[in-house]
Amino acid sequence: MELARILEHCRDGDELAWEMLVRRYQSRVYAIARTYVRDPDEARDLAQDVFLRLYRNLDGCREAERFLPWLIRIARNAAVDHLRRRKARPPARDLPAEEAWDLAHPGPSPEDHSEEASRRRLVAAGLRRLSDINREIIMLKDMQGLPLEEIADLLDLPLGTVKSRSSRARVELAQAVRELMTPPGEEATA
Amino acid sequence: MSMDCGRWLDLYDAWRSGALDPAADRACRDHLAACPECADLHALLSAGLDTHADADLTAGILAATSGPPCVRARERLGEAPGAAPDELLAAHLDHCPDCAGLAAVLDWLPVILADMAEEEPDAAFTFDVLRGTAGVRARRRAGALPRLRQRLGAWWERQVARPQFAWEAAWVAATVAALLFLTPFAPGRGASERALRAVQAGPVRVEQEADALVRAAGDGWSELAAAADARHHRAAPFRADARRHAGELGRALFDGDLAAARDRLAALGRDAADVWTIWRDPDAPIDSMPGTHRDAP
């Protein structure tokens with residue numbers, strides 16, 4: 001079903017349309033939440049909060065073409081609010097990135113041994129080494145595919161700054177991944 | 001034509017590259033055969049030209065001239081991830097293992113990042129979201145008043161759960177007690193002495209004192225209301241002035257007349273001071289008369 005029709009049905013209070021919308025976008029919202037918080041359970045709560053906000057503001061987006069940027073904006077705002085609240089009341093224990101990843105993906109499976117799974121693991125750990133703003137730009141640009149103009153608007157930064165930061169952040173991430181790939185004791189950087 | 005060493009040295013590079021005409025080429029060869037110093041230099045330079053400069057030499061030259069090229073190379077790599085490097089960049093990558101390693105990561109990075117745009121939560125996630133939004137829907141259908149009651153109830157539960165709540169409640173209770181028993185118009189003023197006397201005098205006296213206390217409380221409230229009413233009436237013209245001056249201040253600001261605005265602001269301040277004086281002491285003399293001299297600029 002087309003997104004425009006799903007949204008229309010959702011606004012009319014159709015529970016089945018809402019379920020379809022949730023199922024269609026939940027993995028994307030959860031992935032966004034995971035870039036902001038390390039703990040999988042916390043990310044799950046954050047993703048749920050995003051959908052509650054979305055449900056309360058379904059009238060806020062009338063154009064289906066604008067839905068994804070709008071959803072990402074809601075997710076980002078929810079994440080920022082969540083991090084502010086958490087700053088005021090920190091969790092009992094903060095997980096290192098690698099540990100958090102292990103919690104989210106417990107036990108080795110055949111897939112874990114594939115090269116792609118290994119690279120995903122490295123990139124997830126590399127992302128944790130970036131500054132908050134660089135990680136956000138990577139998430140918005142390279143993961144979610146938002147145009148630079150949209151990112152500049154969302155982050156309230158000049159377009160030129162976002163452009164330069166975007167390429168720099170990518171190289172920083174590649175550098176971090178290289179360092180993680182290098183066995184301990186060997187130097188990866190020049 | 002004989003050739004001296006200086007001339008031979010000038011032509012050396014051109015001769016080595018075969019760019020000289022036959023006569024000049026022959027003159028260079030003749031000089032080389034006749035001059036042992038130039039022959040030694042030629043042997044040395046020929047040996048040097050045939051060996052590759054080592055990496056340290058390149059790095060040293062670049063450090064002394066343009067600086068290390070890796071910074072620029074990485075900028076270019078970041079600008080177009082996954083794209084084939086141009087000739088200059090490719091030449092750098094051939095000689096720089098660090099940048100080549102970075103380029104290799106940047107080659108597969110976009111695919112992995114795009115793949116990470118989605119991550120499936122656990123199977124119960126959808127159900128939990130639908131349950132949460134069903135609650136929102138139910139509250140919407142329930143109407144505004146029950147929703148407000150529900151919110152207030154939730155707010156109260158949050159307040160009560162806070163550790164500071166006991167302190168705050170004690171503070172509020174102490175303030176209320178002070179207002180009821182200690183202020184000049186407090187309805188319960190003197191209650192403690194009366195209660196003590198009544199207890200000492202016996203049960204009949206307790207009953208009389210209780211009646212007296214209720215009457216005193218009623219009288220106290222009446223006095224309080226009368227005093228507030230008197231102040232309110234006396235301050236009425238000054239309040240009217242204050243309203244008028246506030247309106248004039250707004251108009252002056254709108255017109256950009258800053259001098260008039262300053263005067264109206266001063267008049268407004270005087271109005272507020274008069275109102276405060278009356279509320280503090282209803283019999284206090286007020287120098288200014290409402291609606292008269294304060295309007296003068």
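Values below: every heavy atom of this structure, side chains too, minus hydrogens, waters and symmetry copies. To find a chain, count down the sequence lines: A is the first, B the second, and so on, and within it residues start at 1.
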Taking atom CZ as the centre, does R151(B) end up with more than 12 heavy-atom neighbours from other residues, nucleotides or ligands that are less than 6.0 angstrom away? no
Under 4.5 Å heavy-atom distance to chain B, tell me which part of I138(A) shows up: side chain, backbone, both or neither. side chain
Chain B contact via R168(A) - which portion, at a heavy-atom distance below 4.5 Å: neither
Among the listed options V105(B), D122(B), L113(B), the residue most often paired with chain A at heavy-atom distances under 4.5 Å: L113(B)
Residues, nucleotides or ligands: over 12 heavy atoms within 6.0 Å of F127(B) CZ: no
In Å and rounded to the nearest 0.5 Å, what is the CG to CD distance from D128(B) to Q48(A)? 5.0 Å
Exceeds 12 heavy-atom contacts within 6.0 angstrom, atom CD of Q164(B): yes
Gap separating the CZ atom of R76(B) from the OG atom of S167(A), nearest 0.5 angstrom: 12.5 Å
Look at the rings of F125(B) and Y30(A) and say which category their plane angle falls in: under 30° parallel, 30 to 60° tilted, over 60° perpendicular. tilted
Which heavy atom of P121(B) sits nearest a heavy atom of S27(A), and at what distance? CD-CA, 4.0 Å
Beyond-backbone contact of E118(B) with M143(A), side-chain heavy atoms, under 4.5 angstrom: no
More than 12 foreign heavy atoms under 6.0 Å from CZ of R11(A): is that the case here? yes
Rounding to 0.5 Å, atoms OG1 (T126(B)) and CZ (R23(A)) come to a distance of 4.0 Å
Chain A contact via L102(B) - side chain, backbone, both or neither, heavy atoms under 4.5 Å: both
Tell me, out of M139(A), R119(A), K163(A), who's got the most heavy-atom pairs with chain B below 4.5 Å. R119(A)
With distance as the sole criterion, is a donor-acceptor pair present between the side chains of Q26(A) and E120(B) under 3.5 Å? yes
Could you give me the CA-CA distance, side-chain angles and deciding distance for V22(A) and T133(B), then say whether side chain to side chain contact (heavy atoms under 4.5 Å, CB included) is met? CA-CA 11 Å; V22(A) 172; T133(B) 48; over 6 Å; no
Check M116(B) against L127(A) and note the closest heavy-atom contact, atom names and distance. CE-CD1, 4.1 Å
Portion of A47(A) that has a non-hydrogen atom of chain B nearer than 4.5 angstrom: both
Gap between atom CZ of R170(A) and atom CG of L106(B) - 0.5 Å precision: 8.0 Å
